[in-house]
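Chain letters run A, B, ... following the sequence lines, proteins first and then strands; every chain starts at 1.
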Protein chains: 2
Amino acid sequence: MKQKISMNDIAQDLNISITTISFILNGKAKEMRISDKLTKKVLDYIEEKNYNPNALAQSLRTGKSKIIGLVVEDIADAFFASVARLIEERAYKKGYKIIYCSTEDNPKKTIELIRMFKSRNVDGYIITPPKGIESELRFMRNDSLPFVLFDRYFPEIDTDYVGIDNLEGSKIAIRHLVDQGFKNIAFVTLDSDQTQMKDRMAGYRLAIKEGGAKEYILEIKFTSKPEKVVQLIANFLTKHKDIDSVLFATNYLALQGFAALNKLKLTIPEDIAVIGFDDHAFFEVFNPPITAVAQPMKNLSENLIDVLFTNMNNESQPGQESTKIVLNPELIVRASSLRKK
Amino acid sequence: MKQKISMNDIAQDLNISITTISFILNGKAKEMRISDKLTKKVLDYIEEKNYNPNALAQSLRTGKSKIIGLVVEDIADAFFASVARLIEERAYKKGYKIIYCSTEDNPKKTIELIRMFKSRNVDGYIITPPKGIESELRFMRNDSLPFVLFDRYFPEIDTDYVGIDNLEGSKIAIRHLVDQGFKNIAFVTLDSDQTQMKDRMAGYRLAIKEGGAKEYILEIKFTSKPEKVVQLIANFLTKHKDIDSVLFATNYLALQGFAALNKLKLTIPEDIAVIGFDDHAFFEVFNPPITAVAQPMKNLSENLIDVLFTNMNNESQPGQESTKIVLNPELIVRASSLRKK
DNA sequence: TAGAAAAACTAAACGGTTTTAGCAAATTAA
DNA sequence: TTAATTTGCTAAAACCGTTTAGTTTTTCTA
């Protein structure tokens with residue numbers, strides 16, 4: 001039917017040059033001394049024919065795309081999905097779209113994806129990096145492609161970063177449990193060398209030491225199947241009967257942890273108190289409601305976009321200081337971690 | 001540092017024509033009788049220089065982009081996020097990326113987004129359409145742009161569609177409650193004229209009639225704030241003291257519903273039985289576990305991609321039959337809907 | 001050894017925009 | 001009246017590939 005119309009078509013129909021149209025469209029009519037009459041004529045024609053410039057051609061020419069690449073571990077994860085949504089909203093207001101993808105923490109896939117983005121002239125990247133993409137990030141920095149790391153970072157590379165103080169997050173959780181009178185506080189985490197996980201672990205250890213308590217740590221292989229995870233947690237709790245409370249290092253672990261507790265017929269918080277790292281909408285209506293270390297989602301997303309945009313507008317000096325923003329998590333105390341009087 | 005290298009550069013360096021390189025890159029070397037020797041030479045050079053074709057230029061010329069536009073109501077919603085992830089995975093295997101955006105059920109924003117996608121030569125669209133974009137869809141069909149509707153559809157427009165039998169979903173839920181001996185079964189839904197919502201309502205009504213029971217329906221404005229929703233549900237349940245069970249039409253309503261039940265100090269399932277529409281990972285570990293009407297996520301995503309790809313490869317006749325795939329939901333029975341013996 | 005056929009490769013157009021440099025006509029200044 | 005300036009607009013290159021329609025070179029046939 002109605003074929004896509006190009007600037008060329010307009011130029012032909014109106015018997016003027018393509019250049020003129022471009023100037024008018026880009027608000028340079030005045031500057032380039034195009035007469036008001038002609039400007040109006042073109043604008044009217046464009047309106048009538050419902051012309052839309054071809055974004056690809058624009059990108060090819062300008063090198064800009066008005067697209068931001070979002071590279072997260074797993075878009076189906078509640079935390080990442082929420083951040084994605086908030087970022088999308090904020091970016092949209094500035095006229096930017098988001099392309100996203102899930103890395104599955106696979107460095108090869110991640111690098112491939114970043115390259116794809118590159119070849120599409122993506123203007124900026126927000127990345128939750130898996131181990132193994134360090135050199136790719138160095139390339140990006142050398143090419144001065146704007147990017148921000150998120151959720152975790154590489155200490156050995158100086159980059160922009162936005163995240164929370166994970167060490168502090170664990171600390172406030174454990175301190176709260178200690179305050180409540182719990183003695184044997186366990187930490188169930190993933191066998192991961194990502195900074196956010198290491199920090200959560202470090203925070204646990206510090207707070208445990210501070211409280212004069214004993215460490216109970218269960219590290220679960222990243223690759224374990226869900227049923228396996230449940231089994232491992234159940235075994236762990238059975239082996240250490242004296243554990244009276246647990247901090248789960250991620251939402252996913254909390255989920256499997258609850259399954260394990262059900263299996264062992266342990267009640268929260270009477271038999272065992274529970275805190276989750278990362279809050280979840282459903283935690284509020286659990287029975288009992290679940291105490292959680294909450295990341296400030298809105299604040300995180302805003303900072304991510306802001307840092308990225310600053311970086312994008314700063315193509316000048318590559319030797320600049322990097323921006324690192326570390327926000328404070330908040331402990332949302334609910335019944336699951338309260339000692340019954 | 002290392003500037004991006006183009007085909008032109010390679011042609012110059014190797015002293016051959018650009019065309020030759022293009023043929024080799026596009027696997028037409030044999031067909032175009034480029035000698036194996038030259039083919040190897042070019043491939044080696046490309047490998048060495050780490051050359052990547054500019055995807056924009058490719059798209060501009062070919063009209064293809066290897067990108068699929070995913071237009072969902074809200075990417076932060078667990079259901080959409082999960083589907084997004086599954087779609088992404090499947091599309092990725094076929095060499096396609098996803099661009100997504102959230103419509104917030106705003107037709108103006110949605111149309112704007114679709115246009116953006118168009119101007120980027122997106123190859124296909126998966127859309128959960130809000131009311132008000134009917135004519136835009138008609139335009140798309142006229143331009144024979146491949147798209148599939150998802151989750152809901154427009155009865156008056158003949159398009160491809162993938163979703164579940166929502167009517168049946170409500171029915172199996174209500175029948176189950178009737179079987180369990182519940183007498184006064186309520187339905188809490190959104191005041192929406194989208195097909196999936198209407199069908200869920202219709203299914204409820206049919207099954208209630210079938211069971212010879214009485215209707216208790218609460219329709220909540222789409223725009224209501226969360227606290228308001230809790231309040232409305234609480235009021236509704238207080239007003240109708242005889243209600244002994246509820247089917248929540250969406251996950252979001254279930255969430256607020258649980259809050260309302262907590263507020264009223266009603267226990268599940270003793271005081272009131274509960275079923276949610278759309279399952280959620282956390283439902284399994286709720287106390288008690290929550291019965292849910294589950295959509296076959298994997299099956300849905302696979303069909304979405306398959307239908308879309310068939311459509312994309314079928315640019316021939318515009319007057320083709322449309323494909324409608326309606327899958328069966330499954331009732332996952334858990335303790336929240338079981339009458340205590 | 002001419003003529004035909006196959007092999008190996010290429011020029012140039014195309015896609016749609018932005019941008020630089022510049023031209024012709026109208027106006028102003030001297 | 002002529003030169004300088006301003007006004008209003010445009011040609012063409014650039015971005016970076018793909019594809020059509022060749023051309024040239026080599027090999028084979030009669």
Does the side chain of B/Q58 get closer than 4.0 angstrom to OP1 or OP2 of D/dT18 through an N or O atom?
-> yes
The reported gap from OG in B/S322 to CG in B/D158 (rounded to nearest 0.5 angstrom) is 3.5 Å
Can you tell me the distance, in whole Å, between the CZ atom of B/R120 and the C1' atom of C/dG15?
-> 16 Å
Can you find a donor-acceptor pair, distance only, under 3.5 Å between B/T19 side chain and C/dA11 base?
-> yes
dist B/I75:CD1 -> A/I98:CD1 (nearest 0.5 Å) comes out at 11.0 Å
Just call it for B/S6: base, sugar-phosphate, or nothing, with non-hydrogen atoms closer than 4.0 Å on any strand.
-> sugar-phosphate
Quickly work out the A/I21 CD1 to D/dA11 C1' distance and round it to whole Å.
-> 14 Å
Does a nitrogen or oxygen in the side chain of B/K4 sit under 4.0 Å from OP1 or OP2 of D/dC16?
-> no
At under 4.0 Å between heavy atoms, what does A/L25 touch on the DNA or RNA strands: base, sugar-phosphate, or nothing?
-> nothing
Calculate, to the nearest 0.5 Å, the distance between atoms CD and CZ belonging to A/E104 and A/F222 respectively.
-> 9.5 Å
B/N54 vs D/dC15: side-chain N/O to OP1/OP2 distance below 4.0 Å | no
Assess whether one donor atom and one acceptor atom, taken from the side chain of B/S35 and the base of C/dA7, lie less than 3.5 Å apart.
-> no
Between A/Y45 and A/Y51, is a ring-ring contact (aromatic ring centres under 6.0 Å, His included) present by the stated rule, with each step listed?
-> CA-CA 8 Å; A/Y45 188 87; A/Y51 162 80; 9.3 Å; no
Whole Å only: how far is the CD1 atom of A/I16 from the C1' atom of D/dG8?
-> 12 Å
More 5' along DNA chain D: B/R33 or B/Y51, using each one's nearest nucleotide?
-> B/Y51
Does a side-chain N or O from A/S17 land closer than 4.0 Å to OP1 or OP2 of D/dC9, or not?
-> no
Rounded to the nearest Å, what distance is computed from the CE atom of residue A/M32 to the C1' atom of nucleotide C/dA21?
-> 11 Å
Atom-pair distance (CD on A/Q12; P on D/dA11), nearest Å = 12 Å
Taking atom P of C/dT10 as reference, at what distance in whole Å does atom CD1 of B/I34 sit?
-> 8 Å
Can any side-chain N or O of A/S119 pair as donor or acceptor with the backbone N or O of B/N54 at less than 3.5 Å?
-> no
Quickly work out the B/K37 NZ to C/dA8 P distance and round it to whole Å.
-> 11 Å
Report the residue (B/L56 or B/I18) whose heavy-atom-nearest nucleotide on DNA chain C is the more 5′ of the two.
-> B/I18
When all nucleic acid strands are considered with a 4.0 Å heavy-atom cut-off, which category describes A/T62: base, sugar-phosphate, or nothing?
-> sugar-phosphate
Exercise: do B/T110 and B/N106 side chains pair donor with acceptor under 3.5 Å = no
State whether the distance check finds a donor on one side and an acceptor on the other, under 3.5 Å, for side chain B/R61 versus base D/dT18.
-> yes
Grab the CD1-P distance between A/I5 and C/dT17 for me, whole Å please.
-> 10 Å
NA contact type, A/K28, heavy-atom cut-off 4.0 Å: base, sugar-phosphate, or nothing?
-> sugar-phosphate
At under 4.0 Å between heavy atoms, what does B/L38 touch on the DNA or RNA strands: base, sugar-phosphate, or nothing?
-> sugar-phosphate
